[in-house]
Amino acid sequence: MVFNMKKIENYKIIHNNLIAKNTYEMKLEGNVGWIDKPGKFINVSVDSNYLKRPISICDYDETTLTLVYKVFGSGTKWLSNKKENEKIEALVNLGNGFELNTENEALIIGGGVGVPPLYALSKRLKEKGVKLTIILGFTSKEDSFYIDKFKELSELVYISSNDGSIGEIGFVSDIMIKYNLLDIPYYTCGPTPMLKAVHSISTAKGQLSLEERMGCGFGACMGCSHKTKNGYKRVCVEGPVFTSEEIIWND
Amino acid sequence: MERLKVKLNNLELDNPVIPASGTYGFGYDYLDFYDPNILGSISLKGTTLHPRFGNVTPRIAECHMGMLNSVGLQNPGIHKVIEEELVKLDKIYHKKIIFNVSGFNIDEYVECVRLLDNIDKVGIIEVNISCPNVKDGGLSFGSDCSSAASVTKEVRKVTTKPLFIKLSPNVSNIADIAKSCEDEGADGISMINTLIGARFNLKTGKPILHNVTGGFSGPAILPVALRMVYEVYERVNIPIIGIGGISSAYDVIEMMYAGASAIQIGSSNLVDPYTCKKVIDDLPLVMDELNIKKITDIIGRAHK
């Protein structure tokens, strides 16, 4: 019980490197004992802004966790300027995470900044012996990251980009159709239009990690509510991962 | 601790610190952080007669030292709150609570308050009059003296519990509105609710909130809240719960100088979930520093 509690933790920055256009990889050292599955997130305090910044966990081991984030505004800009050995504070152990309930085969579908949480997920699934087919979509080559890391986990890695500068031109959903990947149980994270497309064309069950503007990140403010077939859920507590069976799109 | 005790009508609180409605859910989202029984009381999430999903997301924006929300009173409806939420809350929180109600016409307010009248757990009914009056032009009930008075008058008829009217700051005459509520039988005033704000996306030019406007709260509004509590204290003889931008024990002292008998903390809970605990722990230290023996000694000191 104690291990599952939300709490404030401090982390030492091991590195904070630019890995793609406006995209940084931040490796942190500190308490990671609360990470019991991939897909959870932390809410990082930034001196530049009033509210914290929710960022999903990209990778973790016994003593470190890694975040991959894109600079969108002043908060992530502040974070990108933090240096090695500096400290950051975060509210941790947030969100439900992915359920690793796929037995034989899984399709991983990531788009842009939705790719990071799928990396730790893919590692855990591979450890379970699950055969992975991976589709990663980016705006263009300069935005792409982690392709080689995913290729270490599977021989079946498809890449798409909006402008064709890397991989095949088009969307991840085009890849799903072209290579007949519509009936494999899937895990996905990315922009909402991509999630909707994946949800509508796949005939298999899936888990979808949603993104929403948050106030608190721990369930108190109701800022990030999302309608589901089982009633209204908070993306920060009952999510961010929802099943394809329960999800309803807000519009 | 005796020196922190305050009274709101007949309700004695162990300390003046109360999380504000809408920032503390129905009481159990903070269990990982501290025991809620340290709080003076809890003002529950705003409840309406019928269930509401609230507004379309995005519902949250921010600014320097503050935030905007357009949650839109998401709640499961008063029947479910009474039957389920209050029962669950009673197991973890042993003091009386402040039940915050909203309505879109006077009948809805009256029905909510009537349903609460015989519930022992409810120590105070807090009536949020910032909602639009759907039957009469859509202006907020809190926007003028006569509609504020008519809500107060009608809910007064159906309860003997302490009634605190929660005022909107988006008015030009808040002291007059507070006086109208007192004249119609209000037992106290909760103030202030959020100010109305908006933010726009720098790249697209579009509103950040789907609803365009939202309630602006956070440390940035503290001076507005202090000024309004000061003005209302001059006009009424009923207790005031001071709300707006409080994030530290120093802010609590200042708000009580202005005239508050107790205070509520809102947005700061969302930014740092330990805020209420820290403020309660810090209050005796700050009182020592400022030579304050009992917290009740300082209520309205700014006026003396």
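Between Ser225(A) and Gln74(B), the closest heavy-atom pair is OG-OE1, 2.5 Å. Residue Leu51(A) comes nearest to Glu62(B) through the heavy atom pair N-OE1, 2.9 Å, listed as atom of the first residue, atom of the second, then distance. Closest approach of Tyr50(A) to Ser267(B), counting heavy atoms only: OH-CB, 3.4 Å.
Ring-plane geometry between Tyr232(A) and Phe53(B) is classed as parallel, the angle between the planes falling under 30 degrees on a 0 to 90 degree scale with a further cut at 60.
Two residues are said to be in side-chain contact when any heavy atoms from C-beta on lie closer than 4.5 Å; Met222(A) and Lys45(B) meet this criterion. Within the 4.5 Å cutoff, no side-chain heavy atoms of His226(A) are placed close to those of Thr57(B).
Distance alone, capped at 3.5 Å, places no donor-acceptor pair between the Lys7(A) side chain and the Phe33(B) backbone.
Using a 4.0 Å cut-off between charged nitrogen and carboxylate oxygen, Lys6(A) and Asp29(B) do not count as a salt-bridge pair.
Of residues 205-227 of chain B, those residues with a non-hydrogen atom less than 4.5 Å from any non-hydrogen atom of chain A are, in numerical order, Ile208(B), Gly218(B), Pro219(B). Against chain A, the residues from residues 272-280 of chain B that qualify, each with a non-hydrogen atom under 4.5 angstrom away, are Asp272(B), Pro273(B), Tyr274(B) in number order.
Looking at Ile8(A), the atoms closer than 4.5 Å to chain B (heavy atoms on both sides) sit in the backbone and in the side chain alike. Looking at Asn269(B), the atoms closer than 4.5 Å to chain A (heavy atoms on both sides) all sit in the backbone: N, CA, C or O. Contact annotation for Ser70(B): neither backbone nor side-chain heavy atoms come within less than 4.5 Å of a heavy atom of chain A.
Considering only heavy-atom pairs separated by less than 4.5 Å from chain B, the leading option among Gly217(A), Ser74(A), Gly215(A) is Gly215(A).
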